[in-house]
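The structure under discussion appears below in the form of structure tokens.
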Amino acid sequence: MPELPEVETIRIGLSRLLPGLVIKAVDCPNPKSFVAGAGDVRSFLLGAKVLSVKRRGKVLLIELSSHYSLVIHLKMTGQLVFKGSSVHFGAGHPSKSLIGKLPDKSTRVIFSFSDGNKLYFNDQRKFGWVRLLPTTEVPNIKFMQKLGPEPLESDFNWQVLKARLSRRPNTNIKAALLDQTVIAGIGNIYADESLWGAKIHPQRLVRSLSDANIKNLHFAIVAVLLMSIEKGGSTDRNYVDADGKKGSYLRFAKVFRRDGQRCPRCNTEIIKIRVASRGTHLCPHCQKLPKVTGK
DNA sequence: CACTTGACCTGTCCGC
DNA sequence: TGCGGACAGGTCAAGT
């Protein structure tokens, strides 16, 4: 579930904690979670200092002084949690219980730093991965090259959104929003929330959308992503930030996982359907399907 | 080529 | 209580 706001929240947390730390050891309880290129990986990891923590779409980039970078994709259940060696949590601190239990059976990679701090990559379903790549090659790997624009960059306007969507004219708008080559960073939660905000039915074909629709959608995407970052992201099942804390966005969500509840705009009951083989939440009154557009 | 579906995994929940 | 199966959903490979 980590989508752009969750990954950005983790990035903000890690960029407070990691820069300047020197990697002392890396353990991989699940070797498949760590994909290293050819050559002696250890020499580019051990003794390397963390320079910065960046994000592209849903991917985290940890740049090291060895001219290599750690590239991390959390997929659905990945977590990156930092455990300080000398941090004292007050009673009832939300992260105390989780952090205290690390490592656990979902721990896939452990980074140990020379000052005793540790960074845990936990991933229940093992879909996520960590790669070590030369920093200059990171933008050249296929995954990165195919990514669409960053929706929170200042040059992402409605005309850009329209141009990107034109790559997928015959699919439904929900599938297009989930396509990372169209726009980077949107997943199931923010696709549903953005479409509700723009009053667009998820099954509308992309080519049926008017300019006004696309302007509304652009506005909704940016607003929803910014609001979620402000709330620390969404915790649906197991997302936590770098401090082990959950996000609160879902308390403010309008439709996601609110089937059976009332639309805050028109009081109609929110429904859940399947679109692009994903659970999809919408208000059937605010988000109407114009005619018989397939499916 | 454009688009959709299944596989990758594990934990949880639901019905029998 | 236990068990089978559906479901969760990001991305790539395979299928239509």
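In what follows, chains carry the letters A, B, and so on, assigned in the order in which the sequence lines appear, proteins first and then strands, with residues in each chain numbered from 1.
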Once you round it to whole Å, what is the distance between [atom2] of [N] and [atom1] of [X]?
X	N	atom1	atom2	result
A:F256	C:dC7	CZ	C1'	12 Å
A:I173	B:dT4	CD1	P	12 Å
A:R257	C:dA8	CZ	C1'	7 Å
A:K174	C:dG10	NZ	P	9 Å
A:R168	B:dC1	CZ	C1'	12 Å
A:D192	C:dG10	CG	P	10 Å

Quiz item: Is A:F219 atom CZ crowded by more than 12 heavy atoms from other residues, nucleotides or ligands, each under 6.0 Å away?
Solution: no

Quiz item: Would you say A:K49 has more than 12 foreign heavy atoms packed within less than 6.0 Å of its NZ?
Solution: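 No, the 6.0 Å shell around NZ holds no more than 12 heavy atoms from other groups.
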
Exercise. Report yes if a side-chain nitrogen or oxygen of A:N170 is closer than 4.0 Å to either non-bridging phosphate oxygen (OP1 or OP2) of B:dC3; otherwise report no.
Key: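 The answer is yes; a side-chain N or O of A:N170 sits under 4.0 Å from OP1 or OP2.
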
Self-check item: A:K272 side-chain N/O to C:dC7 phosphate OP1/OP2 under 4.0 Å
Solution: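 The answer is no; no side-chain N or O of A:K272 sits under 4.0 Å from OP1 or OP2.
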
Quiz item: Is it true that A:K162 and A:D211 make a salt bridge, defined as a side-chain N closer than 4.0 Å to a carboxylate O?
Solution: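 The answer is yes: the pair qualifies as a salt bridge.
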
Practice problem: Decide, yes or no, whether a salt bridge links A:E150 with A:R56 under the criterion of side-chain N to carboxylate O below 4.0 Å. | Solution: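 A salt bridge links A:E150 with A:R56.
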
Enumerate all atom pairs, one protein N or O and one N or O from nucleotides 8-11 of chain B, separated by less than 3.5 Å.
unit_1	atom_1	unit_2	atom_2	d
B:dC9	OP1	A:K32	NZ	2.6
B:dC9	O2	A:R125	NE	2.6
B:dC9	N3	A:R125	NH2	3.3
B:dT10	OP1	A:K126	NZ	2.8
B:dG11	O4'	A:Q124	OE1	3.2

Quiz item: Base, backbone or nothing for each nucleotide of nucleotides 11-16 of chain C, written B, S, -, heavy atoms under 4.0 angstrom, 5' to 3'?
Solution: BS----

Self-check item: Exam field: side chain A:R168 to backbone A:A176, donor-acceptor pair closer than 3.5 Å
Solution: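 The answer is no, because no donor-acceptor pair under 3.5 Å joins these two groups.
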
Using atom types as modelled, flag every donor-acceptor pair under 3.5 Å from a side chain in residues 151-158 of chain A to any protein atom, sequence neighbours excluded.
unit_1	atom_1	unit_2	atom_2	d
A:N157	OD1	A:Q159	N	3.1
A:N157	OD1	A:V160	N	2.8

Practice problem: Please state the P separation for the pair C:dT11 and B:dC1 - nearest whole angstrom. | Solution: 23 Å

Quiz item: Rounding to the closest angstrom, what is the interatomic distance between C:dC3 and B:dC9 at atom P?
Solution: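 That atom pair is separated by 24 Å.
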
Exercise. Give the intermediate values and the outcome of salt bridge (Lys or Arg N to Asp or Glu O under 4.0 Å) for residues A:K254 and A:D192.
Key: CA-CA 9 Å; A:K254 302 299 192 289; A:D192 284 4; over 6 Å; no

Quiz prompt | B:dT5 pairs with, by Watson-Crick or G-U criteria that keep both distances under 3.5 Å | solution = C:dA13

Quiz prompt | Nearest heavy atoms of A:S33 and A:N30, plus distance in Å | solution =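 Where A:S33 meets A:N30 most closely, the heavy atoms are OG-ND2, 2.7 Å.
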
Quiz item: Do A:K174 and A:N188 have side-chain atoms, one donor and one acceptor, less than 3.5 Å apart?
Solution: yes

